[in-house]
Amino acid sequence: MKFFIDTANLDQIKEAQDLGILDGVTTNPSLMAKEGITGKENILEHYQAICEIVTGDVSAEVIATDLEGMIREGEELANLHEQIVIKLPMIEDGVKACKYFSEQDIKTNVTLVFSPGQAILAAKAGATYVSPFIGRLDDISTDGLNLIGEIRMIYDNYGFETQILAASIRHTMHIIDCAKLRADVITSPLSSIMGLLKHPLTDIGLEKFLADYKKGN
Ligand code: G3P
């Protein structure tokens, strides 16, 4: 399972990269705004800065919602850096744009996916990644993880190669459950990734080992 970090914060991206477990980055307009990155030029520069930190795929989202605009913006983003993946919304023109880019071997990530039907359309359009938002489904009393399982079953039934990128991860158990359900990728805030490290018995055990070592030295 690949680990992506879901942020535009360069320090957090560096921290995950330094841990040696990072396979890529996902961003969206809200995450950019959270870091105070506004204006087209600044946003493009920020994508380049992210690409210089990591070696894997970096999802960059288009703002346009019409086909022509999505193609124009997507091409500009793709030309920015070879690691850029074009992130497209799951709307009618987004599906068309996904097909357009997949025919040109440009990687895509279809985002804002909340149903198995949407995931089928993304795969049919040749998406590299499909991003089901599990936390936002949980927020409205719907089982987000169930969607991961449904998409996995459907993709396996037909050998779809689109990778399931579980997004809107809120805590460590989401990551562990996504691994059980065979998501191809999780994208997560740094806090949930670092949360996987923690176990009180590890801390207690280490303390005891070090104390015992000191007794004999
Ligand atoms: O990358 C988009 C997705 O992960 C959003 O997460 O927490 O805003 O629902 P959240």
Side-chain angles (χ1 to χ4, degrees), residues 1-13 15-17 21-38 43 46-47 49-51 53-54 56-65 70 73-74 77 83-91 94-95 97-98 107-116 118-119 122 127-149 151-152 162-179 181 183-196:
M1 184 169 72
K2 291 186 208 164
F3 268 37
F4 289 179
I5 188 167
D6 196 27
T7 185
N9 182 291
L10 298 183
D11 291 336
Q12 291 185 12
I13 294 169
E15 191 176 336
Q17 176 70 19
I21 50 80
L22 194 65
D23 299 299
V25 179
T26 53
T27 62
N28 62 38
S30 305
L31 293 172
M32 281 285 182
K34 194 174 163 192
E35 300 307 318
I37 313 296
T38 54
I43 288 173
H46 203 74
Y47 284 137
I50 293 173
C51 290
I53 298 171
V54 299
D57 286 346
V58 174
S59 288
E61 190 158 343
V62 299
I63 304 301
T65 53
M70 281 192 250
E73 270 184 47
L77 289 167
Q83 286 163 243
I84 294 283
V85 173
I86 310 305
K87 202 169 181 188
L88 300 158
M90 172 37 80
I91 56 176
V95 174
C98 180
K107 287 185 180 178
T108 52
N109 174 358
V110 176
T111 190
L112 290 167
V113 165
F114 294 95
S115 77
Q118 291 177 323
T128 313
Y129 300 105
V130 66
S131 290
F133 277 29
I134 60 178
R136 290 194 196 182
L137 281 169
D138 289 353
D139 287 344
I140 57 158
S141 309
T142 304
D143 185 353
L145 286 166
N146 186 50
L147 176 59
I148 302 295
I151 299 172
R152 179 77 282 155
T162 299
Q163 295 176 55
I164 303 171
L165 194 173
S168 189
I169 297 262
R170 299 285 167 74
H171 47 71
T172 56
M173 279 312 294
H174 270 157
I175 299 177
I176 293 162
D177 286 331
C178 283
L181 292 164
D184 298 288
V185 191
I186 57 93
T187 190
S188 165
L190 182 64
S191 57
S192 302
I193 294 174
M194 298 309 281
L196 295 171

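Values in this document were obtained by computation on a predicted structure and should not be read as measured data. All ligand and atom numbering here is 1-based and tracks the order in the structure. One is the number of the first residue; the rest follow in order along the sequence.
Of all atoms in ligand 1, numbered sequentially from 1 with element shown, those under 4.0 Å from a heavy atom of Ala167 are 4 (O). For ligand 1, the atoms sitting less than 4.0 Å from at least one non-hydrogen atom of Asn28 are 1 (O), 2 (C), numbered in the order shown with element in parentheses. Those atoms of ligand 1 with a heavy atom of Lys87 less than 4.0 angstrom away are 1 (O). Using a 4.0 Å cut-off to heavy atoms of Arg136, the atoms of ligand 1 that qualify are 5 (C), 8 (O), 9 (O), 10 (P).
Looking at every heavy atom in both residues, Gln118 comes nearest to Met90 through O-CE, 3.1 Å.
Leu196 places a side-chain heavy atom less than 4.5 Å from the side chain of Ile176. Here the side chains of Ser59 and Val85 are in contact, with some heavy-atom distance below 4.5 Å.
Among Leu145, Leu147, Asn146, Asp143, the single residue meeting the side-chain contact (heavy atoms from CB on, under 4.5 Å) criterion with Leu137 is Leu147. Each of Asp184, Thr187, Thr108, Asp57 was checked for a side-chain contact (heavy atoms from CB on, under 4.5 Å) with Tyr129, and the lone residue meeting it is Asp57.
Side-chain contact annotation: Asn28 with Glu61, donor-acceptor N/O pair under 3.5 Å absent.
Ranking the protein heavy atoms by distance from atom 7 (O) of ligand 1 puts Arg170 NE, 3.2 Å first. Nearest protein heavy-atom neighbour of atom 4 (O) of ligand 1: Asp6 OD2, 2.5 Å. Nearest to atom 6 (O) of ligand 1 among the protein's heavy atoms is Ser168 CA, 3.3 Å.
Residue Thr187 has no nitrogen or oxygen atom sitting less than 3.5 Å from a nitrogen or oxygen atom of ligand 1, judged on distance alone.
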